[in-house]
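Working notes, structure below.
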Protein chains: 2
Amino acid sequence: MVQFVHPPRDEITLAGVLAALADPMRLRIVKSLAAQNDCMSCTEAAPCPDMAKSTLSNHFRILREAGLIRTSKQGVQHRNVLREEDINVRFPKLLKMILSYPE
Amino acid sequence: MVQFVHPPRDEITLAGVLAALADPMRLRIVKSLAAQNDCMSCTEAAPCPDMAKSTLSNHFRILREAGLIRTSKQGVQHRNVLREEDINVRFPKLLKMILSYPE
DNA sequence: TTCAATAGTTCACTAGTATCGAACTATCGA
DNA sequence: TCGATAGTTCGATACTAGTGAACTATTGAA
């Protein structure tokens with residue numbers, strides 16, 4: 001049984017968040033989740049279709065451990081949701097700001 | 001003769017900036033430069049006194065290549081200044097926002 | 001209940017990056 | 001010219017990212 005690691009809100013660090021968002025693929029994943037404003041499976045939120053499953057899984061793990069997303073099992077899928085509220089409390093406006101830039 | 005690499009403004013990437021700021025030591029360097037609002041030598045802006053010179057030099061190189069600082073020679077020292085204007089044009093409010101968080 | 005399909009994770013490997021001490025370069029002042 | 005100062009470069013080691021292959025868990029159909 002897979003156990004997901006989610007840091008509590010007050011253990012989310014700026015360095016962790018920035019490092020997680022510093023990868024273009026992960027930024028695209030987060031943008032997808034923010035646009036959807038709902039849960040998405042890993043493959044739904046995949047930044048490009050030809051990415052190796054293991055790489056994708058690793059990106060989701062990094063986002064999860066940085067505190068940016070929350071993952072739960074739902075049948076055969078993992079449902080991912082942006083921890084927008086937690087990030088906003090910890091680092092107000094940061095997420096909105098970063099997601100607002102093009103590229 | 002050492003030649004410094006500074007990306008032009010429009011080649012500064014979000015991923016590069018975030019990656020550069022994702023390191024606590026580099027974040028402290030940038031905070032020092034922002035607080036000083038003036039040039040600082042590498043040792044003046046060092047985040048902690050016991051850091052190896054080569055490591056410090058590497059951090060400045062990364063900040064430089066990300067477009068966050070501009071370095072020029074002045075005698076025996078290298079004078080570093082935050083490229084606040086450039087970053088603000090490229091990613092408005094990002095720098096101010098990130099530097100405003102404690103930690 | 002058995003078995004194939006689907007969705008992710010874990011493992012082992014390779015390649016790239018961070019840290020450090022040591023050696024090097026450039027500048028200044030005596 | 002020589003020593004001190006400020007950084008950079010180099011070589012070694014340790015850690016991290018990306019990948020395919022193997023694995024786990026759930027579902028749905030025969």
Side-chain angles (χ1 to χ4, degrees), chain A residues 1-7 13 15-30 32-33 36 38-81, chain B residues 1-6 13 15-30 32-33 36 38-66 68-81:
Chain A
M1 178 58 187
V2 186
Q3 218 32 38
F4 296 122
V5 178
H6 294 106
T13 67
V17 169
L18 294 182
L21 295 178
D23 182 281
M25 290 303 146
R26 288 196 292 269
L27 192 57
R28 286 170 64 176
I29 293 173
V30 169
S32 294
L33 290 171
Q36 188 75 5
D38 192 14
C39 287
M40 292 178 89
S41 71
C42 295
T43 38
E44 277 172 350
C48 52
D50 56 337
M51 174 171 279
K53 282 197 301 178
S54 48
T55 304
L56 189 59
S57 178
N58 190 45
H59 283 316
F60 276 96
R61 183 184 58 77
I62 290 171
L63 289 172
R64 198 157 50 225
E65 294 180 359
L68 276 163
I69 64 173
R70 191 177 294 283
T71 307
S72 55
K73 288 204 71 159
Q74 192 174 64
V76 75
Q77 295 183 333
H78 291 185
R79 307 303 294 175
N80 301 284
V81 64
Chain B
M1 178 57 186
V2 186
Q3 216 34 36
F4 296 122
V5 178
H6 295 105
T13 67
V17 169
L18 294 182
L21 294 177
D23 182 281
M25 291 303 146
R26 289 196 291 270
L27 192 56
R28 286 171 66 176
I29 292 173
V30 170
S32 294
L33 290 170
Q36 189 75 7
D38 193 15
C39 287
M40 293 178 89
S41 72
C42 295
T43 39
E44 276 172 349
C48 53
D50 56 338
M51 175 171 279
K53 280 197 303 177
S54 48
T55 304
L56 189 59
S57 177
N58 190 44
H59 283 316
F60 275 96
R61 182 183 58 78
I62 290 171
L63 289 172
R64 198 157 50 226
E65 294 180 359
L68 276 161
I69 64 172
R70 191 176 296 282
T71 308
S72 55
K73 289 204 72 159
Q74 192 173 64
V76 75
Q77 295 183 333
H78 291 186
R79 309 301 294 173
N80 301 283
V81 65

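Chain A is the first sequence line, chain B the second, and so forth, proteins listed ahead of strands; every chain is numbered from 1. In this text, all values refer to a predicted model and were calculated from it rather than measured experimentally. Heavy atoms only: backbone and side chains are in, while hydrogens, waters and symmetry mates are out.
B:His6 NE2 to B:Ile69 CD1: the interatomic distance, rounded to the nearest 0.5 Å, is 6.5 Å. One distance of note links CG of B:Asn80 with SG of B:Cys39; it measures 7.5 Å at 0.5 Å rounding. Atom CG in B:Asp23 sits 9.5 Å away from atom CG in B:Asn58 (nearest 0.5 Å). Considering CG of B:Leu18 and CG of A:Leu27, their distance stands at 7.5 Å, rounded to 0.5 Å. A distance of 11.5 Å separates CG in B:Leu56 from CZ in B:Arg26, rounded to the nearest 0.5 Å. Taking CG of B:Leu33 as the reference point, atom CZ of B:Phe60 lies at 6.0 Å (rounded to 0.5 Å).
Whole-Å rounding puts the A:Gln74 CD to D:dA25 P distance at 19 Å. Computed from coordinates, the A:Gln77 CD to D:dT27 P distance equals 10 Å when rounded to whole Å. Protein atom CZ of A:Phe4 is 11 Å distant from nucleotide atom C1' of C:dA7, rounded to whole Å. We find that CZ of A:Arg79 is positioned 16 Å from P of D:dT26, with the value rounded to whole Å. Per the geometry, CD1 belonging to B:Ile29 stands 13 Å off C1' belonging to D:dG7, to the nearest Å. In this structure, the CG atom of B:Leu56 is 14 Å from the C1' atom of D:dT5, given to the nearest Å. Here the P atom of nucleotide D:dT24 and the NZ atom of A:Lys73 are 13 Å apart, to the nearest Å. Straight-line distance from the NE2 atom of A:His78 to the C1' atom of D:dA25: 8 Å, rounded to whole Å.
At the phosphate of C:dT9, OP1 or OP2 sits under 4.0 Å from a side-chain N or O atom of A:Arg64. Phosphate proximity of D:dG7 to B:Ser57: absent, as no side-chain N or O sits under 4.0 Å from OP1 or OP2.
Of all heavy-atom pairs spanning A:Arg28 and A:Pro47, the tightest one is NH2-O, 2.5 Å.
At the heavy-atom level, B:Thr43 lies under 4.0 Å from the strands shown only through sugar-phosphate atoms.
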Sequence-aligned protein contact record of nucleotides 17-23 of chain C, with B where the base is within under 4.0 Å of a protein heavy atom and S where only the sugar-phosphate is: -SBBBB-
Using nucleotides 2-5 of chain C, report all nitrogen or oxygen pairs with the protein that are shorter than 3.5 Å.
none

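Applying side-chain hydrogen bond (donor to acceptor under 3.5 Å, both in side chains) to B:Gln77 and the options B:Lys73, B:Gln74, B:Arg79 leaves one that passes, B:Arg79.
Side-chain rings of B:His78 and B:Phe4 approach one another, their centers coming within less than 6.0 Å.
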